[in-house]
Amino acid sequence: MRSQTIAAEPAPHPITTTFPGRDLVSIRDLSPLELESLFHLASLIKTRPEEFRAALAGKHIAMFFEKPSLRTRITFEAAICGLGGSVSFIDQRHERLDARETLNDIAHNLERWVGGIVLRTFAHETVEGMAEHACVPVINALSEVEHPCQALADYFTLQEKFGDLRKITLAYVGDGNNVMHSLLLTAALLGSKIRLGTPKGYGANPQILADAREIAKQTGAVIELMSDPRKAVRGVDAVYTDAWTSMGHEHETDERARIFPPYQVNNELIAVAAPHAVFMHCLPAHRNEEVTDAVIDSVRSIVFDQAENRMHVQKAILTMLIGGKTRQPLRSAHA
Ligand code: CP
């Protein structure tokens, strides 16, 4: 794969840190040091975007989405164009990606034409299968199991707000979905503290929880599980929630509407968090279901910072996986 040097000025520590040709299917694809480098690059790109305008020059990216999207589609398209690449968006909402031909054949076609593939799918196995068959990088833009780009942007946003992520606690309350899984794994890699407040039967995938706990043994992360939302939120620095019914589970909407109301993030619940606590949501929000207008529209809310940072963090992901070499310090200011 052709490499290129992007930064115009010598970096303080001229260590080349990229992982060209790799995939981002799960947060588990990153090491703690790679995650730190990714955040550092995202910070550089956010503050000095002009220095990265040719990072994807000559590269074409294909995006296949089986589910609707506002943020992920636009932030990837803006990121790719902002890095000098070009993009094809293929709307797969009416036919699963592998309905017409095998994933294997699609992968071997795509790898002849494009520098990377971005997928939003129902089945996590579709992203894994594309990554296995295609010899160009594959990025998970949301599957039923994980939403890694979202969680990376979320913790990058928290780093901007709080600095050292090892000193803060995030409470996720609500449905144990793909976003929660990626937040859990990211917290584990960062050595941060996370509390998961979910109803019984709606907790984390056991394999992801086991993997997060294994990572936490090495990083010092603290993972706490509880079903009482008030206990989960007590004293935390950040309160995060998401839709009670994720895409693909619409047939469970009525049952979930009976179970989840105690997990609504409203003024009463967020008052239990630290006085400086921020409110987070990946969006789209179902206002006055999982979060009230009073909270999402309050000064605590950082939901649009999260949405903005999707673009900057995805630029860093694309540069590291597809853009070739960048010169950057290995450790961030918070190391
Ligand atoms: N947060 C998120 O992934 O938003 P979209 O579904 O609009 O892409």
Side-chain angles (χ1 to χ4, degrees), residues 24-27 38 42 46 61-82 87-94 96-97 116-124 126-127 138-158 160 170 172-187 208 238-250 253 256 265 278-287 289-291 295-297 301-318:
L24 181 62
V25 174
S26 164
I27 292 292
L38 181 71
K46 184 172 180 177
I61 312 296
M63 296 172 58
F64 293 83
F65 278 36
E66 292 181 343
K67 297 181 178 186
S69 173
L70 173 69
R71 281 147 291 275
T72 308
R73 176 179 178 174
I74 300 295
T75 54
F76 262 109
E77 289 183 335
I80 292 163
C81 295
V87 58
S88 293
F89 179 83
I90 302 95
D91 182 353
Q92 290 287 153
R93 281 178 301 159
H94 306 296
R96 298 290 164 91
L97 187 55
I117 304 164
V118 178
L119 295 183
R120 169 168 283 206
T121 63
F122 283 91
H124 189 66
T126 307
V127 190
V138 171
I139 299 172
N140 181 356
L142 182 147
S143 69
E144 65 185 355
V145 177
E146 274 206 61
H147 196 356
C149 299
Q150 179 69 54
L152 293 170
D154 295 336
Y155 268 101
F156 178 76
T157 307
L158 285 170
E160 289 183 327
L170 178 146
Y172 178 97
V173 288
D175 181 31
N177 63 10
N178 46 10
V179 172
M180 189 189 83
H181 290 150
S182 291
L183 289 169
L184 169 61
L185 290 164
T186 307
I208 290 188
V239 179
Y240 199 121
T241 194
D242 191 7
W244 293 339
T245 306
S246 294
M247 288 180 275
H249 292 269
E250 288 81 0
T253 300
R256 286 167 178 261
V265 181
V278 295
F279 171 74
M280 305 180 77
H281 194 304
C282 57
L283 304 179
H286 303 79
R287 284 168 172 266
E289 287 185 25
E290 73 270 10
V291 60
V295 171
I296 197 169
D297 294 331
S301 177
I302 58 169
V303 299
F304 300 118
D305 297 325
Q306 294 171 254
E308 180 190 337
N309 282 333
R310 292 291 304 275
M311 183 177 69
H312 305 302
V313 169
Q314 285 159 201
K315 277 184 171 179
I317 293 166
L318 290 160

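Counting convention: from 1, in listed order, for ligands and their atoms alike.
- Residues of the protein with a heavy atom under 4.0 Å from ligand 1 are S69, L70, R71, T72, R120, H147, Q150, C282, L283, R310, listed by chain and number.
- Side-chain contact between S246 and E144 is absent, with no heavy-atom pair separated by less than 4.5 Å.
- The minimum heavy-atom distance linking V127 with S143 is given by the pair CG2-CB, 4.2 Å.
- Between the OG1 atom of T72 and the NE2 atom of H147 there is a distance of 4.0 Å, given to the nearest 0.5 Å.
- The side chain to side chain donor-acceptor pair (under 3.5 Å) test applied to H281 returns E290, not counting sequence neighbours.
- With hydrogens and angles ignored, the 3.5 Å screen pairs no side-chain donor or acceptor of N309 with any backbone N or O of H312.
- For the pair R73 and F65, the cation does not sit on the ring face, since its NZ or CZ is not both under 6.0 Å from the ring centre and inside 45° of the axis.
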